[in-house]
Amino acid sequence: MKRLCDICGKNEAILTVRHLDKEGKATEIGICAQCAKERGFSGVEDLQKGAAELLAELKARIEDKDKKVVCPKCGMSFAEFKRVGRLGCASCYLTFGKEIEPLIRRLHGSVQHVGKSPQEGVKRAQERLKIQRLRKELEVAIKEEDYERAAALRDLLREAGDEPKN
Amino acid sequence: MNPRTERVGSWLSATGPESDVVISTRVRFARNLADVPFPIRMKPEDQELVLDTVRWALKETGFLNRGRFYEEVMLDEPDGHYFVERHLASPDFISSKGKKGLYVSDDETLSLMVNEEDHLRFQGLASGLDFSLAFALAGEMDEKLGSQVDYAFSPQFGFLTSCPTNVGTGMRASVFLHLPGLVLTREIEKVLRGAYSVGLLVRGIYGEGSETRGNLFQISNQKTLGQSEAEIIEVITNICRQIIDYEHKAREYLMHNLRVEVEDKVFRSLGILRGARIISSAEATNLLATVRLGVSLGIINELKLSEVTSLLVLIRPANLEAILGEKLEPAERDERRATFIRQKLVR
């Protein structure tokens, strides 16, 4: 399986940096071309020169409790959210739920929504679909001269709140 | 160039409740489609998908019969400023690149931005202090569009928005206030601090970071989560009523104790507007606002509150150019603005 970049979580990692700590424990970080370039690592020399910085970044990530928290849907990392102040997609709210709760509480004094919900809209959409389906069935029944079935369908339509047509 | 006229939205008619103090009321909803990345992470094909979905939903729900959906052309700078000046679009929306759409109802009381900070941002606008109308307008769009599309929603966090400052109801309720009495009596600071202390935001009339001109202020709710839409509206309405009351008292005080000074200020403002040959939009806004005070206090009888209120929008650069039907250099525009205002205020 391809390894994804540990910084952006989106692109394929093209290089890995390995870090041995004092105890000899190794940690590896994968970096994609774009993230490497964004951080100014272009040539081999730069890479060597930048290895220290990368390792510092890596260390910070290991120390950071938010490590590895990357939205699986859009690839937004919590660090990036903190930088830009915008979330990448609806799933981010799920991914970063624990992390953003304190922020949301600070902003709104609450972490529980009260008020409108889209359920009504969805319900109406479903009702509309039901009516459309019944209407189609009714058309077929009339075409096939199955009047008993047509009458039953008309009742169902009326029940579903459909305006009867003359 | 926008093929537009001098007709302004009915929310500028100054016919709503408390129109002497409150110019307009706005209720805005932020909504996103489920399963499409938020604008900050959108690819061109995502933008296209959202635009297509909204265009279809607007048609399906009948909104297209009551308004117009603008795409691409006319939405970028500088043409798009026409909509910003009319409070139908945000400055960020107009300056942003990428595929976007703007729906505006024929009477300009309802508008919808597609692919702004959130996929959908729509608002209802009403004249005066009228949350029931503004909420009904935006709420109708919310429910009708919501019956066609799947909104991003979580039972805990409510409607999910790009920025956590809008999450929950996704609703921003705001009021545009004209508070010359409180400015002249230097009580304004106290009032604005009071609004701030109960969690309301106070800004200039063109939103975040815009300066307050002509003693015009925008007050809106800061919190969008943990309170229902009705509760949010109740809080802001109560504060507004207090501010209106305070403004009335300040105006009474001025008329009682400093009548000549106020009349002098009002008539001088009218005099400059009627005599100027060159005028900037900032100066015109300030003077028109003072004249507006004069009209609402009955100092000036020959002008209507609606005329003066709508001029606040019509004299702004993009609207003036749209009315005159040509692009102008700033210097030339200031000259044409002066002529336009003179013609409007002649009696």
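Naming: A, B, ... by sequence-line order, numbering from 1 per chain. Note that this is a predicted model, so its numbers are computed, not measured. Atoms considered below: every heavy atom in the structure, side chains included; atoms not considered: hydrogens, waters and symmetry mates.
Listed in order of number, the residues of residues 41-49 of chain B that approach chain A to under 4.5 Å between heavy atoms are B:R41. For a heavy-atom cut-off of 4.5 Å, chain A lies close to B:F29, B:D35, B:P37, B:F38, B:I40 in residues 25-40 of chain B. Below 4.5 Å, heavy atoms of chain A meet heavy atoms from B:F135, B:G139, B:D142, all part of residues 129-142 of chain B.
Of the charged side-chain nitrogens involved, at least one lies within less than 4.0 Å of a carboxylate oxygen, so that B:E71 and B:R55 count as a salt-bridged pair. Taking the charged nitrogens against the carboxylate oxygens, B:E117 and A:R86 do have a contact shorter than 4.0 Å, which makes a salt bridge.
Here the side chain of B:S111 pairs no donor or acceptor atom with the backbone of B:V104 at under 3.5 angstrom. Distance alone, capped at 3.5 Å, places no donor-acceptor pair between the A:T95 side chain and the A:C71 backbone.
Contacts of B:Q156 with chain A are made by both backbone and side-chain atoms, with heavy-atom separations under 4.5 Å.
Interface check for chain A: of the options B:S228, B:S154, B:P164, B:G168, the most heavy-atom pairs under 4.5 Å are formed by B:P164. Of all the listed residues (A:C92, A:G85, A:G115, A:G88), the one sharing the greatest number of non-hydrogen pairs under 4.5 Å with chain B is A:G88. Listed options B:A152, B:A230, B:C163, B:G199 were ranked by heavy-atom pairs under 4.5 angstrom with chain A; first place goes to B:C163. Between chain B and the options A:M76, A:E101, A:K73, the largest number of non-hydrogen pairs under 4.5 Å is found for A:M76. Of the listed residues (A:I104, A:V84, A:L103, A:I100), the greatest number of heavy-atom pairs within a distance under 4.5 Å of chain B belongs to A:I104.
One distance of note links CZ of B:F157 with OG of A:S110; it measures 9.5 Å at 0.5 Å rounding.
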Query raised in the report: Does the pair B:Y103 and B:F69 meet the rule for a ring pair (Phe, Tyr, Trp, His ring centres under 6.0 Å), with working shown?
Result: CA-CA 4 Å; B:Y103 168 82; B:F69 193 52; 7.2 Å; no
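You'll find the side chain of B:L58 reaches within 4.5 Å of the side chain of B:L112, heavy atoms only. Proximity of A:L87 to B:L160: side-chain heavy atoms (C-beta onward) are nowhere separated by under 4.5 Å. Side-chain contact between A:I142 and A:R154 is present, with at least one heavy-atom pair separated by less than 4.5 Å. At a threshold of 4.5 Å between non-hydrogen side-chain atoms, the residues B:V22 and B:F176 do not count as touching. Contact annotation: the side chain of B:T61 approaches that of B:Q148 to within less than 4.5 Å [non-hydrogen atoms, C-beta and beyond]. B:T169 is not listed as a side-chain neighbour of B:Q227, based on a closest heavy-atom distance of 4.5 Å or more.
For A:V140, the side chain to side chain contact (heavy atoms under 4.5 Å, CB included) partners are A:E144, not counting sequence neighbours.
For the residue pair B:D92 and B:S90, no side-chain donor N or O sits within less than 3.5 Å of a side-chain acceptor on the partner.
Counted within 6.0 Å of CG on A:L94, heavy atoms from surrounding residues, nucleotides or ligands total 12 or fewer; the atom is thus considered open.
With B:F93 as the aromatic partner, B:K100 meets the cation-pi criteria of under 6.0 angstrom to the ring centre and within 45 degrees of the ring axis.
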